[in-house]
There are 2 protein chains.
Amino acid sequence: MVKALAQRSRVTIADISARAGVSTATVSRALNGDTRISAATRRRVHDAAQVLGYTVDILARSLQSGRSGLVGLVLGSTDNPFYGELLQEVVRQSGERGTRILILHAGFGPMERPTLEAILQYRLDGCIVSSAEPASQVAALCEEHGVPAVMINRLPMLRTAAVACDNAAGGRVLADLLCRGGHRSFGIVMGPVAASTAREREQGFTSHLAEHGFNVSHRFIRGEDEMPVTSYGGGWQAGLDIANLPVRERPEAVMAISDIMAIGVIDALRQCALRVPQDISVVGFDGIREGARASYGLTTVRQPLRQMVTWSLDLLDRISGSSTQAETLLIPGELVIRSSARPRC
Amino acid sequence: MVKALAQRSRVTIADISARAGVSTATVSRALNGDTRISAATRRRVHDAAQVLGYTVDILARSLQSGRSGLVGLVLGSTDNPFYGELLQEVVRQSGERGTRILILHAGFGPMERPTLEAILQYRLDGCIVSSAEPASQVAALCEEHGVPAVMINRLPMLRTAAVACDNAAGGRVLADLLCRGGHRSFGIVMGPVAASTAREREQGFTSHLAEHGFNVSHRFIRGEDEMPVTSYGGGWQAGLDIANLPVRERPEAVMAISDIMAIGVIDALRQCALRVPQDISVVGFDGIREGARASYGLTTVRQPLRQMVTWSLDLLDRISGSSTQAETLLIPGELVIRSSARPRC
DNA sequence: CTGTTAGCGCTTTCAT
DNA sequence: ATGAAAGCGCTAACAG
């Protein structure tokens with residue numbers, strides 16, 4: 001009695017079995033909803049558990065079952081609000097399914113070895129990878145050890161699965177919008193490290209333009225030294241460069257490879273007294289909340305975040321156990337027309 | 001052989017013990033750097049581990065030791081970039097210490113019961129709580145079960161520890177700056193749900209003004225329905241309201257309770273053709289990256305994020321085991337003067 | 001329907 | 001300096 005209180009020792013199924021007068025096996029079964037247990041016993045067990053304040057020890061369960069109920073998440077730099085939104089959605093949905101999120105990485109750059117090994121050490125049920133650099137490391141490790149992995153918005157690597165927004169199609173839709181808006185010269189803005197995502201977007205954009213007899217006259221690759229990915233700072237620099245172009249050379253429309261870059265571009269253009277969209281149209285890609293602010297009114301292609309996460313989690317469930325196969329789900333993005341691109345010439 | 005490959009079974013210390021010709025106990029000791037093991041044996045064990053590609057199973061270790069190496073993190077809505085920055089810093093530092101982050105919550109609002117129980121189920125070594133609403137629930141649970149908890153930027157609850165930026169002092173510093181800038185009328189902007197953090201900031205601000213014979217003439221409480229906390233949208237609304245005030249009533253300076261609100265205020269003021277800081281000065285609090293953008297140049301008090309996280313993690317280490325005590329660490333914020341507040345009248 | 005018995009992989013006395 | 005054995009809390013055969 002005193003001891004129990006003093007030691008704050010964990011309440012185990014053994015405690016319940018004692019109190020309910022059944023074996024621990026029965027307790028386990030009752031608690032896990034095994035239908036073979038009589039209603040009466042089940043009640044007694046549940047009551048006892050309730051009274052004692054029992055909670056399963058997932059560590060113990062996992063040791064036995066091999067599944068931890070943990071999903072690893074690899075995030076890029078939260079400098080890009082997209083990752084924050086992704087995190088929130090992943091946490092929400094995985095919570096609903098009763099699985100928890102272990103953060104493996106959040107930031108730019110590669111992962112360190114010990115961090116990577118957490119995948120094995122904690123017997124993760126799966127991994128969701130949404131950042132560029134660590135993708136291949138994680139893919140290799142998961143592949144080798146049979147841990148399901150799904151890339152969000154990255155090309156599937158090795159035999160991992162992937163779910164992505166249809167980047168190429170999105171690029172095409174934006175090109176189309178700008179063409180219809182009567183723009184005749186185009187620029188594109190992207191970060192130094194071109195992830196597959198960026199390349200696809202560009203490719204879709206460029207090829208659609210080509211089909212209509214246009215091409216991309218200016219291609220700005222700008223980034224911050226410390227973080228050579230798509231970033232506000234990179235967009236800002238590109239914006240300044242665009243503003244400094246001789247007027248006749250200046251593209252009438254610019255597609256930024258991500259919303260965060262587009263926002264940087266817009267700020268820089270305005271800084272230089274250029275008006276968006278009157279003087280120049282700017283479109284982005286991602287659909288982050290910030291783009292919806294009245295001060296930006298960013299026209300963009302929104303990634304179907306919710307669905308992408310749902311499918312990722314489904315995929316993880318499905319491929320766990322079965323031999324991992326490279327399966328790719330492509331979801332169309334949604335064109336969101338606001339005010340940063342001129343509708344008519 | 002075939003079986004080993006087919007089953008992809010985990011490499012355990014038993015495998016190592018077989019290969020190295022020692023007992024599993026010795027393997028465990030060698031791997032954990034027990035000094036009593038001879039150098040020769042240790043080498044053999046390490047080599048074998050290396051060759052076999054061994055990784056500890058933390059689940060098994062934890063079951064034995066009671067410590068999981070997992071720290072729970074409760075985050076507010078990543079709508080406020082502050083939480084994204086916090087996340088990144090926490091992940092970085094905990095990674096360095098060899099502990100991993102389990103996300104318990106990310107978003108506005110309370111936590112659901114099952115999520116809360118993850119704290120016990122995974123035997124978390126501790127919890128870091130930085131969001132308002134779930135704080136009391138988490139505190140209660142941790143308190144009751146002896147799990148160390150530290151509130152970041154919240155009042156310590158029950159017997160939990162806390163580390164915070166000195167909010168009151170920060171408020172005072174901002175008030176002082178504005179006074180010296182020659183401002184004579186003041187407004188304050190905050191979200192509907194006033195966390196302790198917000199109240200302290202306001203209190204410091206107001207009391208310093210009072211000491212100099214000023215007071216806050218306007219107090220704007222604005223938020224978004226779905227998310228009644230400090231938010232961009234709330235700041236925006238407050239900004240519009242300020243802009244719509246009769247000119248003579250309009251405060252010369254406004255302090256927003258957070259940077260994200262300050263940014264909303266600035267955007268709205270500009271939308272209404274008011275210039276910041278020429279027509280009105282705006283200051284914020286937090287020091288998020290976004291405020292550093294040239295388009296905002298937000299004058300603010302920066303929270304010493306890095307140090308706050310370091311201390312939190314230290315605190316968790318220290319109080320684990322010992323009877324939890326309410327300990328509060330207050331770290332001064334750093335005044336960052338940029339261009340959103342008039343320096344001289 | 002329920003109890004008995006083995007472990008899951010690791011650490012840790014207690015011997016030697 | 002090393003081994004044998006117990007056990008962390010749970011689940012899953014395998015009996016009845």
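Sequence lines set the chain letters: A, B, ... in the order given, protein chains first and strands last, and positions in each chain run from 1.
Rounded to whole Å, the distance from CG on A/Leu59 to C1' on C/dT11 is 14 Å. Atom CZ in A/Arg67 sits about 23 Å away from atom P in D/dG9, given to the nearest Å. One atom, CG of A/Asp15, and another, P of D/dG9, lie 9 Å apart when rounded to the nearest Å. For B/Asp57 and D/dC10, the CG to C1' distance is 14 Å, given to the nearest whole Å. Protein atom CD1 of A/Ile16 is 14 Å distant from nucleotide atom C1' of D/dT11, rounded to whole Å. Atom CZ of B/Arg61 is separated from atom P of C/dC8 by 19 Å (rounded to the nearest Å). B/Leu31 places its CG atom 13 Å from the P atom of C/dT12, with the value rounded to the nearest Å. Whole-Å rounding puts the A/Leu120 CG to C/dG9 C1' distance at 14 Å.
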Do any N or O atoms of the protein come closer than 3.5 Å to N or O atoms of nucleotides 13-16 of chain D, and which pairs are they?
{"unit_1": "D/dA13", "atom_1": "N6", "unit_2": "A/Arg29", "atom_2": "NH2", "d": "2.6"}

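Applying the 3.5 Å distance criterion, the base of C/dG9 shares no donor-acceptor pair with the side chain of B/Gln64.
Nearest to the side chain of A/Asn32, among D/dT11, D/dG9, C/dG9, sits D/dT11. Proximity note for A/Leu63 (side chain, C-beta onward) versus C/dC1, C/dG9, D/dT2: the nearest is C/dG9. Distance from the side chain of A/Ser23 is smallest to C/dT4 among D/dG3, C/dT4, D/dG9.
Across all strands shown, A/Ser65 has no heavy atoms under 4.0 Å from either base or sugar-phosphate atoms. Contact annotation for A/Ile13: base contact, defined as any heavy-atom pair under 4.0 Å involving a base atom.
Only A/Thr41, listed by number, bring a heavy atom of residues 41-49 of chain A to less than 4.0 angstrom from any atom of DNA chain C.
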